[in-house]
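Below is one structure, written out as structure tokens; comments come after it.
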2 protein chains.
Amino acid sequence: MTGSHPSRAERRQATEARILDAARRLFAEHGFDRTTIRAVATSAGVDPALVMQYFGSKRGLFARALEVVVEPPSGDGAEELIDQLLGGLGTKLGDLPDGTLATMRSMLTDPAAAEHARGTLGGQIGALSDALAGADDPGLRAALAITTIVGATIGYQILGLTELRGAPPERVAELLRPALRALTEPESERQR
Amino acid sequence: MTGSHPSRAERRQATEARILDAARRLFAEHGFDRTTIRAVATSAGVDPALVMQYFGSKRGLFARALEVVVEPPSGDGAEELIDQLLGGLGTKLGDLPDGTLATMRSMLTDPAAAEHARGTLGGQIGALSDALAGADDPGLRAALAITTIVGATIGYQILGLTELRGAPPERVAELLRPALRALTEPESERQR
DNA sequence: CCGTTTGGTCAACACGCGTTGAGCAATGAG
DNA sequence: CTCATTGCTCAACGCGTGTTGACCAAACGG
């Protein structure tokens, strides 16, 4: 067991995890540029040189910090996908994983983070687009649905808009649902 | 006139404008941290020291670069405001003023830019919220409408999502309109 | 018990940054 | 014409950064 007498390998893995945790937290809070390796090291109770030794470079550390599983949504109907997106929004307005927040914070200024974000969002858009295959402009509709979620997340998590922070996540999801539905429904069905 | 024999004052104002232009462009492209005073100076064909002399500090230059008139929308009905937002979106997807883009690029990492963005968006949200006074949660609805626009703008301008870049702005506005309408309409009116 | 591996630290380098003060050359006023 | 003003440049400082190589001590294998 990993308890009282940690072996060398266990210790090593533990400190590596501590560094990664600190990195995710700081990257999420300050973005790539404003986060220094020294700060990460200090926060992990470790020497800056060790961070380099384990992750090679600041970029390497950042790349590892972004490694967060973002499952592309899987569901048959468009309505089901919307539900999943809105459900995800619940957690996005609650305790968003630091890796994701770090990506959002840095994607506007760091090319690597932007690439990562494009990849992740691209997956989501692709899945949703497939589900909208029947409508016109499925790709565009899917993209707008995703950017709507992204916008709300940024407004809440990063800009801290008081109107959003004061509202319970379920209420936000409730208000957003008709909008997403309107976005994903061809006009002919709007009057039902 | 300002033509063949520029006076001293005219020359001075001209170079100041050149610096400010370069600053806006570079801040918009790379954000606050990645934009160096040296780069701005070079791009304006000027010595870095001159930038300091005119604007005091990098932050001072940034503050001046953000000074872009963003008129809070004025209109009586909610529908009218939505039209205005979507019209603005047209330009947002086309040639967004560099100052605004600089704000968006930097707002996720720079506190001053975030403050600026909160102020600007707050004005928009307030105006829209007033127009929605009849509905429930007017503030929240207004905030979500604005973040929807922001999300689309980020997706287009900064992330460069191919689905958005390939579409004509009018089409985007056309698809977004029902969504915004759904966001600003109380549920009772949805079935009309 | 000895030698080697290895998790970890220390001090330092090189570089780019924002910022500064002295200086230059052209313009303006008298 | 003269001299003060001023738009502008030059060279440099101080600092914080990412990154490196020498070093130490504890854990391991024989």
Side-chain angles (χ1 to χ4, degrees), chain A residues 1-23 26-27 29-66 102 106 109-113, chain B residues 1-23 26-27 29-66 102 106 109-113:
Chain A
M1 52 178 63
T2 63
S4 43
H5 282 300
S7 76
R8 192 133 74 169
E10 287 169 335
R11 276 198 159 283
R12 142 110 205 204
Q13 217 174 3
T15 61
E16 188 170 319
R18 249 170 39 234
I19 295 175
L20 215 47
D21 266 17
L26 292 178
F27 280 136
E29 193 169 351
H30 303 117
F32 181 80
D33 290 318
R34 301 254 168 122
T35 300
T36 78
I37 284 207
R38 281 168 164 87
V40 171
T42 300
S43 169
V46 144
D47 192 272
L50 193 65
V51 178
M52 297 300 297
Q53 199 175 139
Y54 283 177
F55 299 93
S57 68
K58 187 183 177 181
R59 297 224 75 91
L61 175 63
F62 187 57
R64 289 288 304 276
L66 295 190
S106 308
T109 45
D110 186 272
Chain B
M1 41 184 67
T2 64
S4 43
H5 281 299
S7 76
R8 193 130 74 167
E10 287 168 334
R11 276 197 161 283
R12 142 112 204 200
Q13 218 175 0
T15 62
E16 189 168 319
R18 248 169 41 231
I19 295 175
L20 216 45
D21 267 16
L26 292 178
F27 279 136
E29 193 168 352
H30 303 116
F32 181 80
D33 289 317
R34 301 255 168 120
T35 300
T36 76
I37 284 207
R38 282 168 160 88
V40 171
T42 300
S43 169
V46 144
D47 192 271
L50 193 65
V51 178
M52 297 301 297
Q53 200 174 136
Y54 284 176
F55 299 93
S57 69
K58 187 184 178 180
R59 297 222 76 90
L61 175 63
F62 187 57
R64 289 287 305 277
L66 295 191
S106 307
T109 44
D110 186 271

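Values below: every heavy atom of this structure, side chains too, minus hydrogens, waters and symmetry copies. Everything quoted here is computed from the prediction, not taken from an experiment.
- Of the candidates C/dT9, C/dT19, D/dT19, the closest approach to any side-chain atom of B/Met52 belongs to C/dT19.
- Spacing between atom CD of A/Gln53 and atom P of D/dA22 amounts to 14 Å, rounded to whole angstrom units.
- Remark: A/Arg11 pairs with no residue by the side chain to side chain donor-acceptor pair (under 3.5 Å) rule, at least two apart or across chains.
- With rounding to the nearest 0.5 angstrom, the CG atom of A/Asp47 is 11.0 Å from the CD1 atom of A/Ile37.
- Separating the CG atom of A/Leu26 from the P atom of D/dG18 is a distance of 12 Å, rounded to the nearest angstrom.
- With sequence neighbours excluded, no residue satisfies side chain to side chain donor-acceptor pair (under 3.5 Å) with B/Arg8.
- Here the closest non-hydrogen pair linking B/Ala41 and B/Val51 is CB-CG2, 3.9 Å.
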Could you list the donor-acceptor pairs under 3.5 angstrom formed between side-chain atoms of residues 55-66 of chain B and any protein atom two or more places apart in sequence or on another chain?
from    : atom 1 : to       : atom 2 : distance (Å)
B/Ser57 : OG     : B/Arg59  : N      : 3.4
B/Ser57 : OG     : B/Gly60  : N      : 3.1
B/Lys58 : NZ     : B/Phe32  : O      : 3.0
B/Lys58 : NZ     : B/Thr35  : O      : 2.8
B/Arg59 : NH2    : B/Asp110 : OD1    : 2.8
B/Arg59 : NH2    : B/Asp110 : OD2    : 2.6

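- Using a 4.0 Å heavy-atom cutoff across all strands shown, B/Tyr54 reaches sugar-phosphate atoms only and no base atom.
- Residue A/Gly45 is the one, among B/Arg59 and A/Gly45, whose nearest nucleotide of DNA chain C lies closer to the 5' end (criterion: closest heavy atom).
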*Tell me, for nucleotides 25-30 of chain C in 5' to 3' order, what letter each nucleotide earns: B for a base near a protein heavy atom under 4.0 Å, S for only sugar-phosphate near one, - for neither?*
-BBS--

*What is the per-nucleotide protein-contact pattern of nucleotides 10-15 of chain D, from the 5' end, where B denotes a base atom under 4.0 Å from a protein heavy atom, S denotes such proximity for sugar-phosphate atoms only, and - denotes neither?*
B-B---

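- B/Asp33 is linked by a side chain to side chain donor-acceptor pair (under 3.5 Å) to A/Arg34, counting only residues two or more places apart in sequence or in another chain.
- Less than 4.0 Å separates DNA chain D from at least one heavy atom of each of the following residues of residues 29-37 of chain A: A/Thr35, A/Thr36, A/Ile37.
- Between the CZ atom of B/Phe55 and the P atom of C/dT19 there is a distance of 13 Å, rounded to whole Å.
- With sequence neighbours excluded, no residue satisfies side-chain contact (heavy atoms from CB on, under 4.5 Å) with B/Ala14.
- Using a 4.0 Å cut-off, some side-chain N or O of B/Thr15 falls inside it from OP1 or OP2 of D/dC8.
- Look at CD on B/Glu10: it is 13 Å from P on D/dG7, rounded to the nearest Å.
- Remark: A/Ala17 pairs with no residue by the side-chain contact (heavy atoms from CB on, under 4.5 Å) rule, at least two apart or across chains.
- Counting to the nearest Å, the C1' atom of C/dT6 and the CD atom of A/Glu16 are 14 Å from each other.
- Partners of B/Arg38 according to the salt bridge (charged side-chain N to carboxylate O under 4.0 Å, His left out) rule, which considers only residues two or more places apart in sequence or in another chain, do not exist here.
- With sequence neighbours left out, the side chain to side chain donor-acceptor pair (under 3.5 Å) criterion links B/Ser43 to B/Arg25.
- Atom CD1 of A/Ile19 sits about 7.0 Å away from atom CD of A/Glu16, to the nearest 0.5 Å.
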